[in-house]
Amino acid sequence: MKATTLALLSLTWVLAAQDATLFRDVTLFDGEAFSFHRSVLVRDGKVVTIGDANLQAAGAKTYAVDGGFLIPGLVLADAVRAGATERSVFPGLFAPDAHDAFAPQALLDAGITTLWASPGRNRFVPGSGGVISLAPADVGGGVAAQRPVVHVVLSPAAFNPPQVYVPAVPPGPDERPAIKRQLPRTRAGAAMAFRELLALAREPESETVRALDEDDRDSVAIFAEVLNGKRGLRFRADRVEEVALAIELSKEAGQAPVIEGGAEAWKLAKELAAAGAAVILEQPSLSAAKPRLGDLDVAADAAGLLSAAGVRLAIAPLNAEAELLWIASRQEHAAFGRERVLRAITLGAAELLGCAQGRVQEGATADLLLFDRDPLAAGTRPIVVMAHGRVVRDRFEKADAPVAVRAGRVLPGDGTVIVDGTVLIVNGKVAGVGRGITIPPGARIIDVPEGVIVPGFINAGTQTGVRNVREAEGEVVTDASLGALGLEQSPAQFFDAEQDDVAAAAASGVTTAVLLPGGGRNVSGPLALVKCGSAAADAVSVKVAGVFCDFTGRRHSESEVDGLRKILEGAKKYFDGFEKWKKDVEAFDEKNPPKPAEIAHAVTRSTAPPERARLGDLWRGEVWSGRDVLADGHLRCIVRFSADKDAYKVKVEAAGRDPFEGTAHFEGDELVAEGQVAGKKLIARGLLQRDEWAGQATLDGKAAATFLLKRQREVPAAAAEKVAAAASDGAASKNGTAKPAEAPKQDEAKGRPKPPAKNEALESWKAVLDGEAPIYLSADNERLARALLRMLRNEFDVRVAFMEGRLLPEMLPLIKELGVAFVSNAAPLLRREGRDWSPILEAARAGVPVMLLHADSARLVDVASLAVQQGLNGDDALRMLTRWPALVLNQQQKLGAIAMGRDGDLVILSGEPFAPATRILHVVSKGRMVAMKEKE
Amino acid sequence: MLPKSLIVSLLFVAASVQAQSVLLRGGHVIPVSGAEVDDADVLIRDGRIVAVGKDLAADGEALVLDVHGRVVMPAFVIPHTSEGMDRSNEVVPVTPFLSILDSMDPSRPFFEDCLRDGNYTIAVMPGEMTIIGGTGAIVKPRGLTVEDMLIERNAGMKLSLMPGNGNRAAHLAKLRAALDDAKRYMEDQQAKHAGASDVFDMDAFQMEQRRRELVRMLRAEIPAWIACATAADVDQALKLEADYKLDVRLVLGNDTWRAFPRLKGRKLPVILAGDFQAREEDPETGKEVVRNLPQLLKAAGVSFAVTTAPGALARRYMWYQAASLVRCGLTREEALLAVTKNGAQAAGLGGKKGALEAGYDGDVLVLTEDPLSGKAWVDTGIIGGKVVYERSKDPRLSEIFGRGR
């Protein structure tokens, strides 16, 4: 009885939880304007609450991503769904009938949740259109009851209707001719035909109407509905003459004009506004007439001009329906800002179509899109799509279940070999490597007794996963490659984790890739570090991981070298300027300490790294162990730290147990806690990352438990109180980790030095100049290469990776002397001194760090295998794929080896790495199992 | 005075001509509407089943058939087919004035096969390629002329939602235009002849031939058989039922399974045509997912009938379809219902055909074995109390198998 009640209760709890979804701490666009740090709670298909960043909802599925954007589901104002029939006037055709509500909807991937189904475009009256919601049929998607709208096409495409064969059925004595020629054939004819239909529709019961055949009677009946407002009217018009005609005919039909296409409608913006018109602007616009030079600049601003004149506006793509967001983003400029752009594809379009979607308001239907970056950036796609309260696309999944892999050999990447070892990955990070690791309950266990585990491979240069959407000759094209980007854009913006080649890369063991911009410029663009095979939400690891400098085809000259030198010097000066400003502000603040009332949000700053400074927060987490240690094998606890001279006191509280008290101190990046538990000595050791502390605990030297603790963020009110208290003690000083919104407040103090202007392009050099990110250098002229290498290493001391394998035989001594790394793909063997010379082998032998790259990530392992066949040591080959790239890219904290706290990237092989018969059995990327498809 | 032999022979002839009763004694009886009974009797008189039970008494003139070791069940009902005609579809899309009676051909091998296979109630309807195909009829497979074969002259109007040229919206618009036109005509007639006792008495007023049957369908005098190929079509069919107040019978193809939950609680006659399994490949994993449509219909609480697939090797036998239903998750009783009683109900002959119950028509099969065994043949077939088929006397079978089989 009790068990059933409990089961029932838990079932209802699960049901209730499934109904509610919470999007926390996002930048919200509600259809009209942006607001920051909001949270949105959805329940039963509707938006229930819009609150501040710390909204909590018990049992709701929560999505929280750093820098997230939440916008209403997109409304596509024009999508052809029903093809043309042979009839020139067929208003009875209802385009939404062609919609299959049960079929999967591909447009949801692009974030489109509502669309207007329109009939074809090459008949005079091709049919009627209506609104379709793309939500699944069982939550209310599909065609809703609505006011249909008759479409009338005034562009020349409609002026060539075919002849129709209409035999009398059954044949009778007074046979009409069976072949009917259809009108209209000119625009004048179209106007005349329309007016005739209206005239007949004004007297639907007259004798003339009764004498018509049934098709025409049908049309007249529908136009009668247009006249009395039960149906709407929509004109397709591109050129000025057509738009003018549309305005006139709408007036005669007694309705406000709705113009679709509108390539030249901006020329009549005033007239349209006066008539209360609405325009569905289709881009890229195809103007039938050759564009006049003067018009070219203006036409691009069509959206701005129309909107400024007061015309209701929606934006739709001419073809390429899935690129609605990209096409809208191209309309953004000074007079037509981001809010208006987004409004034109959400609320504006919805109002124009007469449906209730397109907004985020309490009580409105929940059609929402969550992005992890700016929705108007190049080629972005939403990571979560919600239609009518149901999540229909979720690319957000976090690696929740821990993964434990047991294999015959583990090669962690530091030169050791662990026999019969286990690797445990919790929350996307390695939480244990070695023998006798405790595996938490609920973990997914993979047993490969004959297998070998190696760290995930790093592809040091590729364009895998690039999705570059652009316009070419009036059409929207999607490219899989990038050109030179310059320093303002990172290739990470064009990375789409859903592309097929990313999945193929992950299945081939490449879990991290360095995105290269295209070459061709001296400074081609920044490098970006992305993860293959992990969730789309955190696919981009590092936005600026280095800079690519391409000097191929350039001949040596002092000016070339000088050019690069000047750029680097300029960047250095820029950063020096910031350092100087910081010092000036410190000096100023010491002389004029700010009054406590001015710093509302300051946080106590210490000289220790931020993690340690906020160790005082509350930590909450879980501990797993064998049943000999903990009776249930599992424990939830709360941990508090308090400072105690140079170390910390730690207190662990768990339900039903005595609190544990001990001490904690730092050993490098690891936090070690010690104490006594039940007479045994407990040592808990783990890597402290920003918000997590994960590691292993030993009791009297024996491995006992695994733990994972997460920092609990404090509510701002509590923090503010604490800060006010601290400020009144006089201990407050200037803001160390303030949010940018607060910085201006402090600058308002008189005389305080202002920061120098930010230069986005130069910001990319920061990591390089600090020695943390490499410059990839490609140059095929030996003299130039030498000069550049010397300059970069001796004058600026930046990390360099040299890309030109053909010059390597001559340059190897210099490269070794300067401490430069070598980046190589499967370069052909060179012929030197009568023998085959392999750049990879020779560089490895000389002790130069080598990184491997391949444009097709799935073939990266082949590069290494080829090198092994040519004589490379297997261990060295493995290092070229893992450890050395991690070192050169300065990512050794996270990549390149299997060690505590690093990203959980593993490749599980069936045998010796790089042996011919070895297959890849499993790949784990950031704790997530990668789907291994059968290779053909 | 006639010779004694002649008198005897005349009496015998008279007796056999007037043998209006048939008693099937001692077989394993499957009444379909009740529990199966072993070693039981079925008594048919005047073309109707009078009794089913043990040790029934026959009157003196009854033709007694000893069916020990055989299985006795009601004859199969094909609730929807387009065979038996020379062409099942017209070229012109809207032809409500056509009737299959004009295109049905009693001499086609299809009817001979039906006689041999035990399908004794056949609803012949126009095909799926015309939007409004015309009216169908229900026939039995025995007779020289169409009139001889008729059970029901006008079984209903066939509407098809399968768009021939792929333009679903245009297809529906043409259908609605035709229905609206008929509706307008109906209202015109009502206005013109207001005050008459019955406006739509077929004899009193000359209804325009083109619209007559559509008007009857709109007044729900004849049912509308709607053929659906996909789940969206089922939605549209339900919408048509609501908008025009039609008496709808659904003929479902094998892509319609997503809409089966919509049919819950509606009590519409449903005929499952097409395959009983829908296969789909999951694009992510590449795995094939097989769905059993009969099971899905059963889960939605819909009782349905099945029909044969024309031309297919095994699926033209109703007992094979029944066995397939069992394989797809139905029980034996439900499967046998689907090929007999449910089919009769779907065709509008509920209470008359499809079960061995008192009052039902005497259409009975004597099978050599259990129908779901896969090896059963029809040994004797009886329509309306008359033996119409005997396997031992089947000329085509003796040709194939030789004498003595």
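The chains referred to below are lettered A, B, ... by the order of the sequence lines, with proteins before strands, and numbering in each begins at 1. Note that these values count all heavy atoms, side chains included, but never hydrogens, waters or copies made by symmetry.
Other residues, nucleotides and ligands place no more than 12 heavy atoms under 6.0 Å from the CD atom of A/E203. Heavy atoms from other residues, nucleotides or ligands lying under 6.0 Å from CG of A/D500 number 12 at most. Shown here is A/R147, whose CZ atom has more than 12 heavy atoms of other residues, nucleotides or ligands within 6.0 Å. Residue A/R919 qualifies as open at atom CZ: its count of foreign heavy atoms under 6.0 Å is 12 or below.
Heavy atoms of B/K239 lying under 4.5 Å from chain A belong exclusively to its side chain. Proximity to chain A (any heavy atom under 4.5 Å) is shown, for B/A259, by both the backbone and the side chain.
A 4.5 Å side-chain heavy-atom check between B/V234 and A/F102 finds every atom pair outside the cut-off.
Applying the salt bridge (charged side-chain N to carboxylate O under 4.0 Å, His left out) criterion to A/R234, with sequence neighbours excluded, gives A/D78, A/E260.
A salt bridge links A/D97 with B/R176; the closest basic N to acidic carboxylate O contact falls under 4.0 Å.
Between chain A and the options B/D180, B/D181, B/D233, the largest number of non-hydrogen pairs under 4.5 Å is found for B/D181. Note: A/L93 leads A/L93, A/V143, A/T85 in heavy-atom pairs under 4.5 Å with chain B.
Contact detail for B/A173 and A/G92: the closest heavy-atom pair is CB-O, 3.6 Å. Between A/A82 and B/A169, the closest heavy-atom pair is CB-CB, 3.6 Å.
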